[in-house]
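Some notes on the structure that comes next.
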Amino acid sequence: MIHLFTDFGLEGPYIGQVKAVLARECPRNEIVDLFSDLPPFNAKAAAYLLAAYGPSSNQGDIVIAVVDPTVGSARDGIVVEINGVWYVGPDNGIFEILLRHSSCVARCWRIVWRPKVVSPSFHGRDIFAPVASWIAKGSGPETGSDSRFLPTEANKITQRNWPDDLPEVIYIDHFGNMITGLRGAMVGPTAIISIKGMQLQRHTTYSDVCKNVPFCYDNGNGLLEIAVNRGRADQYFKVGVGGAVSCTH
Amino acid sequence: MIHLFTDFGLEGPYIGQVKAVLARECPRNEIVDLFSDLPPFNAKAAAYLLAAYGPSSNQGDIVIAVVDPTVGSARDGIVVEINGVWYVGPDNGIFEILLRHSSCVARCWRIVWRPKVVSPSFHGRDIFAPVASWIAKGSGPETGSDSRFLPTEANKITQRNWPDDLPEVIYIDHFGNMITGLRGAMVGPTAIISIKGMQLQRHTTYSDVCKNVPFCYDNGNGLLEIAVNRGRADQYFKVGVGGAVSCTH
Amino acid sequence: MIHLFTDFGLEGPYIGQVKAVLARECPRNEIVDLFSDLPPFNAKAAAYLLAAYGPSSNQGDIVIAVVDPTVGSARDGIVVEINGVWYVGPDNGIFEILLRHSSCVARCWRIVWRPKVVSPSFHGRDIFAPVASWIAKGSGPETGSDSRFLPTEANKITQRNWPDDLPEVIYIDHFGNMITGLRGAMVGPTAIISIKGMQLQRHTTYSDVCKNVPFCYDNGNGLLEIAVNRGRADQYFKVGVGGAVSCTH
């Protein structure tokens with residue numbers, strides 16, 4: 001299964017063009033749109049989302065993870081393998097939190113291959129999708145000496161000075177729910193969570209509170225999320241991606 | 001074929017996560033996004049849309065129908081089978097109009113199975129998708145005694161006091177066209193249809209009227225729909241989902 | 001592979017309903033959403049996008065191209081074959097630029113077949129999708145005498161008085177980048193490109209310029225595109241689809 005995790009947008013041709021490459025190069029693979037609307041240009045938010053939403057334990061799965069504002073510059077493309085799951089994308093920190101949260105040893109490669117024709121503004125289609133299709137067909141970088149890839153190490157790829165848990169809103173969903181970069185399991189039951197000065201009760205699901213009441217909960221992927229029952233938390237709090245969340249233990 | 005009929009949003013990971021479960025549990029099934037952006041939290045609007053847009057005559061088709069604001073509460077999940085088509089979703093009235101409009105006898109089950117790990121806020125991924133995948137593989141509730149399901153009857157599931165036809169806007173599409181809960185076949189040719197005090201001519205397609213002229217027509221799934229040729233009816237009338245439509249015979 | 005190229009919208013049931021027909025009639029074909037959000041009702045913009053984004057060299061590929069504001073009127077549906085790639089859609093000029101830019105001879109047919117039940121407002125689902133599925137199964141119009149299709153010629157289908165290259169914005173993407181109807185290869189290196197009186201430097205990718213600086217570049221499909229590094233060009237210039245671009249040689 002190939003998961004697409006990008007800021008390319010649902011709109012327009014970009015996701016379709018990536019899928020067309022995959023369908024041509026490795027037909028009959030299941031392709032899943034994990035996120036197509038990651039916060040644009042925001043590799044940091046993507047890094048926390050990838051660590052929580054990646055298919056951490058499905059051997060052979062591939063994630064094309066592309067939030068890539070410096071596409072076409074000197075930044076490298078990389079392949080990361082953790083516990084049998086493969087990740088392909090730019091070397092800009094997008095894999096940082098995934099690598100840090102993982103207890104497994106990661107293997108890493110720089111992508112030195114270049115296609116004959118490459119758009120400087122669309123490596124997702126022209127480089128990362130072909131590399132993912134090779135991995136899907138079993139001819140990824142693990143098969144010995146390979147002029148397409150340069151082995152490297154997890155501590156040699158771009159390092160970011162980002163915290164293990166990020167007390168910020170990192171994604172606002174279709175319902176206006178605000179996903180934070182805090183893992184619920186790291187936030188103790190006595191922690192005081194607040195946003196814009198308003199303290200939030202912690203519950204398990206929407207109907208635990210009355211209509212239009214804000215609260216927070218551990219979401220379906222383990223991140224602390226702020227919601228309003230049958231309402232929009234983003235409008236309630238007038239907070240966007242990057243907005244600060246306070247969490248005091 | 002598995003149809004997804006939800007208010008999960010095109011954005012974000014939710015549809016992708018449901019598809020990932022289906023692709024893993026019953027690979028090679030065709031999965032179709034029927035609606036991903038049903039009016040949020042609005043099981044009533046969804047009920048009328050499902051009755052019109054469901055695959056009423058395709059034996060073996062499965063519809064995962066989830067508009068579920070009380071997910072994780074005491075409300076049950078149910079499976080409904082009508083004329084060889086299977087429906088999986090919450091017991092909150094979403095199947096009410098479908099059942100009422102159907103001339104076939106329905107079979108119904110409550111889902112008593114729970115997975116080892118379940119998110120209280122995402123039964124679509126954790127309960128309804130696995131159940132749908134079982135049905136797709138031929139091991140749904142019809143195969144005799146089954147600890148996963150509790151047989152029930154159509155008149156034992158949640159009943160709503162909703163009319164057979166709903167004189168309201170139930171969905172606004174990408175073009176600004178307003179779908180109503182009225183079946184065109186139930187609206188006689190002499191009926192007077194109006195919205196916000198403006199009477200609408202009934203035609204068959206957009207180019208039957210001049211540019212920027214509003215009208216109504218029986219849409220591709222038999223519901224009465226209000227449109228403006230090459231314009232947006234929602235902006236023309238400043239009406240949203242739930243807005244009243246008048247239909248006098 | 002079947003490519004969907006429409007203004008149907010990502011939202012709502014339309015793309016899903018077309019895919020359901022294809023999945024039923026020609027299962028296991030790869031279906032790719034090339035564009036689902038073409039500028040509504042705008043066959044002209046679509047014509048330039050199709051010429052640039054169509055799968056020009058993949059034998060057997062099929063494109064369902066539908067921007068069809070006069071659906072259900074006297075306008076015909078047509079099938080066009082160019083260099084082994086098949087196109088199905090309305091005869092309203094949407095194939096005009098593709099045909100003009102192509103160096104290959106095109107074969108054209110009018111679709112005279114009508115299904116028993118057809119929605120006057122949804123030929124994409126009821127006519128174009130079934131025709132595409134026939135082509136996918138190898139029983140398209142090329143197989144001799146055929147009561148479903150009427151052979152015609154490229155110069156007999158609707159002709160539009162549109163230029164070979166269009167100095168206008170024809171699509172605004174998810175990032176706010178503005179795609180123009182100008183082929184980069186036709187715009188010489190000394191050409192002066194400007195929009196709203198502001199002259200634009202030509203570069204190859206976003207990070208060639210500082211943050212928030214506008215520029216233009218040949219995009220991944222060869223069209224001249226206007227962007228702002230890490231910003232939104234559409235908001236920077238307050239220009240929408242149809243906005244004029246100046247290009248003086």
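The chains referred to below are lettered A, B, ... by the order of the sequence lines, with proteins before strands, and numbering in each begins at 1. All values derive from a computational prediction rather than experimental measurement.
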### Task
With a 4.5 Å cut-off on heavy-atom pairs, point out which of B:Pro69, B:Pro13, B:Pro27 contacts chain A the most.
B:Pro13
### Query
For A:Ser36, is it the side chain, the backbone, both or neither that has a heavy atom under 4.5 Å from a heavy atom of chain B?
neither
### Task
Side chain from CB out, backbone as N, CA, C, O: work out which of these in B:Ser121 comes under 4.5 Å of a heavy atom of chain A, or both, or neither.
both
### Message
Out of A:Asp61, A:Ile31, A:Asn219, return the one with the most heavy atom pairs under 4.5 angstrom to chain B.
### Response
A:Asp61
### Message
Please check if the number of heavy atoms outside A:Gln201 that lie under 6.0 Å from its CD is greater than 12.
### Response
no
### Message
Between B:Ala20, B:Gly72, B:Pro40, who has the most heavy-atom pairs with chain A when the cutoff is under 4.5 Å?
### Response
B:Ala20
### Query
Rounded to the nearest 0.5 Å, what separation is found between the CZ atom of B:Arg232 and the NE2 atom of B:His174?
8.0 Å
### Query
Does A:Phe175 have its ring centroid less than 6.0 Å away from the ring centroid of B:Phe41?
yes
### Message
For B:Asp126, which atoms come within 4.5 Å of any heavy atom of chain A: side chain, backbone, both, or neither?
### Response
neither
### B:Arg24 portion near chain A, given a 4.5 angstrom heavy-atom threshold
both
### Message
What part of A:Asp208 gets within 4.5 angstrom of chain B, counting heavy atoms only: side chain, backbone, both, or neither?
### Response
neither
### Query
Picking from A:Leu49, A:Asp173, A:Ile179, A:Leu4, which has the most non-hydrogen pairs under 4.5 angstrom with chain B?
A:Asp173
### Task
Taking the six-membered ring for Trp and the full ring for Phe, Tyr or His, determine whether the centres of B:Phe35 and B:Tyr53 are under 6.0 Å apart.
yes
### Task
Answer yes or no: is there an ion pair linking B:Lys19 with B:Asp33, defined by an N-O contact shorter than 4.0 Å?
yes
### Task
Select one option (side chain, backbone, both, neither) describing which atoms of A:Ile172 are under 4.5 Å from chain B's heavy atoms.
neither
### Task
May I ask you to check whether A:Trp86 and A:Trp134 place their ring centres under 6.0 Å from each other?
no
### Query
Does any heavy atom of chain B fall under 4.5 Å from the side chain of A:Tyr217, the backbone, both, or neither of them?
side chain
### A:Leu10 versus chain B, the contacting section by heavy-atom distance below 4.5 Å
side chain
### Task
State whether the number of non-hydrogen atoms from other residues, nucleotides or ligands found under 6.0 Å of A:Lys137 atom NZ is greater than 12.
yes
### Task
Report the residue from A:Asp218, A:Asp164, A:Asp165, A:Asn221 that forms a side-chain hydrogen bond (donor to acceptor under 3.5 Å, both in side chains) with A:Arg183.
A:Asp165
